[in-house]
Amino acid sequence: MFENENERIMADYDLLIIGGGINGTAIARDAAGRGLKVLLCERDDLANHTSSSSTKLIHGGLRYLEYYEFKLVRHALIEREVLLRAAPHIIWPMRFVLPYDKGLRPKWMLRAGLFLYDSLGGREKLPGTKTVKLNKPPHQGVLESRLTQGFEYSDCWVEDARLVVLNALDAANRGADIRTRTEVLSIEADGSGYKAEIKTNGTTATVTAKGCINSAGPWVDEVLKKIQRTKNDKSVRLVKGSHIVTKRLFEGDHAYIFQNADNRIIFAIPYERDYTLIGTTDKPYDPSEGKVKISQEEIDYLCGAASEYFENDITPEDVTWTYSGVRPLYDDKSEDASAVTRDYVLELDEFTKDAPFMSIYGGKITTSRKLAEHVMEQLHPFYDYKKKGWTETAGLPGGDIADADFDAFYEKMRKRYRAMEAKVLLRLCHGYGTRVTLILGDGDTAPELGQHFGQGLYEAEARYLINHEWATSADDIIWRRTKLGVHLSTSEKDAFTEWFNSLNS
Ligand SMILES: Cc1cc2nc3c(=O)[nH]c(=O)nc-3n(C[C@H](O)[C@H](O)[C@H](O)COP(=O)(O)OP(=O)(O)OC[C@H]3O[C@@H](n4cnc5c(N)ncnc54)[C@H](O)[C@@H]3O)c2cc1C
């Protein structure tokens, strides 16, 4: 494997992390903050896969109560306010309206479930559950007239791909080496640690590390097989989830959660100001299907499920965009894909004595910080660092907003950059928090932002993303660092891509 004697050993690390999704970057952040020398390799872009394809909720997961996943729900509920404090620009509270529908779960059950949900995880800022009348504005005329009563409860929204990047940024600020477009080709146990061959843009190199984290998401078993070649059994259960996006279906900042006759639930959530996000499905996924994408059956299912509740039917013609992701769940042998545990499982191997190799299964965006903390607790015997966690009270880059009060912060920015279009400024403040000054500069009320590519995307933002946030392609910017891809026309996207590519020529 490492026959080429001329290959250079680039560096020796304490920890090599494979995969730059939410789990890999959260672990990189925690480990770097404890003083470990960390290398994170992501073969595509940060959050290129599952971590940008979620429903984007920081939530306890109301429906997991039905599977008695009380520990998962409790941990996740507690994380809501921890993450809200850490990054109030990309995470915000959201109210969810759950209609009561005759013939489905009875009212007492919904009430009991929501009571448990309100009480399980310490809630300080988020308001509790209340009953709502659905035959009154803003629900009247939006929902079917048979729906007259429901409940309203709290969870949070997160810009998922940005949370990944903020973890990576914080890790890098604490000394981690973050490399995107860098694939780990092979790994082998090597005396007192591991030796890996990595490839960036066609150039291979060799690195060594005392320990390894396999946070390759859907590819976790594939990476494990690189070192444990005899491994044949599958530990990961791949479950596809898809979303559809339509033009905005209702006014207001609240979301809806609908129960389906098949016992599943789906969400309808305000998305990117002008749209509604509807999801998700739960379908077994076989990698031989190739690129993960929504099927016609899933589109029909989501349109049908939403039409059961919305006054105006939603048809496939209303769908303006879709996305799909694969949940890398731990295979607990459940028959039903919806019933497979969403909790994470950490599998620790020592392929060479005293050198940890940990594989991560499952997990949620919501529990990623906690997962990283658990990983570091388990790795403690192998390293010399403080066992106590530090991330619970630490902010993420741009999240140092006074009292985590985003509205007050935005008002301050409005006064400062008076001449800027409010819509553009609001998006930038949400995206970058206090780091927005790195794009807008310190002084002018009407900053010089360079070329405009449409929909408020200016050269200044693109250059910031290239220089500070590992953006190396136009798609990194329009689909992950921002979601402007949803708004830009085809010709605007083409013009931006042309500009981006011209930077390297
Ligand atoms: C449809 C759907 C909805 C969801 N909704 C929610 C939600 O609302 N809230 C919530 O909390 N959670 C949600 N989740 C769960 C959450 O999104 C996932 O648990 C999480 O994103 C998994 O992150 P990850 O880091 O394990 O995997 P990924 O994000 O897939 O990252 C793994 C990375 O490893 C890289 N990689 C693989 N092999 C190599 C290699 N050899 N070398 C280098 N890099 C490699 C890949 O390129 C990939 O980027 C949802 C998931 C899905 C699918």
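What you see is a predicted model, and the numbers here were worked out from it, not measured in a lab. Order of appearance sets the numbers: ligands from 1, and atoms from 1 within every ligand.
- In this structure, Lys199 NZ and Thr182 OG1 are separated by 11.5 Å, a value rounded to the nearest 0.5 Å.
- Residue Ile58 places no heavy atom under 4.0 Å from ligand 1.
- The nearest non-hydrogen atom to atom 40 (C) of ligand 1, considering only Asp44, Val158, Ile18, comes from Ile18.
- In terms of polar-atom proximity, defined here as any N/O pair under 3.5 Å, Gly325 makes no such contact with ligand 1.
- Protein heavy atom at the shortest distance from atom 26 (O) of ligand 1 is Asn23 ND2, 3.0 Å.
- Around the CD atom of Gln378, the shell of radius 6.0 Å holds more than 12 heavy atoms that belong to other residues, nucleotides or ligands.
- Neither the backbone nor the side chain of Leu46 comes within contact range of ligand 1; no heavy atom lies under 4.0 Å.
- Per-residue contacts place Val184 under 4.0 angstrom from the following atoms of ligand 1 (heavy atoms of the residue considered): 40 (C), 41 (N), 42 (N), 43 (C).
- Summary of contacts: the protein heavy atom closest to atom 53 (C) of ligand 1 is Arg327 CG, 3.2 Å.
- Residue contacts with ligand 1: Ile22 is placed with a nitrogen or oxygen under 3.5 Å of a nitrogen or oxygen of the ligand (distance criterion only).
- Among the atoms of Thr55, some N or O lies under 3.5 angstrom from an N or O of ligand 1.
- Residues Tyr301 and Asn260 bring a donor and an acceptor atom of their side chains to less than 3.5 Å of each other.
- Taking the six-membered ring for Trp and the full ring otherwise, the centers of Tyr153 and Tyr117 sit less than 6.0 Å from each other.
- Looking only at heavy atoms of the protein, atom 35 (C) of ligand 1 is closest to Glu42 OE1, 3.2 Å.
- Inclusion of Pro328 in the set of residues having an N or O under 3.5 Å from an N or O of ligand 1 is not warranted.
- Considering backbone and side-chain N/O atoms, Val326 never comes within less than 3.5 Å of an N/O atom of ligand 1.
- The N/O atoms of Thr280, backbone and side chain alike, include none that comes under 3.5 Å of an N/O atom in ligand 1.
- Atom 17 (O) of ligand 1 has Ser54 CB, 3.5 Å as its closest protein atom, hydrogens excluded (heavy atom only).
- Counting only non-hydrogen atoms, the option in Ser53, Gly363, Ser51, Ala216 that gets closest to atom 32 (C) of ligand 1 is Ala216.
- For ligand 1, the polar-atom distance check finds no N/O of His243 at less than 3.5 Å from any of the ligand's N/O atoms.
- Nearest-residue assignment for atom 9 (N) of ligand 1 (options Thr366, Ile187, Leu83, Leu57; heavy-atom criterion): Leu57.
- Taking NE2 of His430 as the reference point, atom CD1 of Ile90 lies at 11.0 Å (rounded to 0.5 Å).
- Looking at Thr50 next to ligand 1, an N or O pair under 3.5 Å apart turns up.
- There is a side-chain donor-acceptor pair under 3.5 Å between Thr472 and Arg181.
- When Lys240, His59, Arg43 are checked for heavy-atom proximity to atom 39 (C) of ligand 1, Arg43 turns out nearest.
- Taking the side chain as every heavy atom from C-beta outward, Ser334 and Asp332 approach each other to under 4.5 Å.
- Residues Tyr275 and His487 place their aromatic rings such that the two centres sit under 6.0 Å apart.
- No part of Ser52 comes within 4.0 Å of ligand 1, judged by heavy-atom distances.
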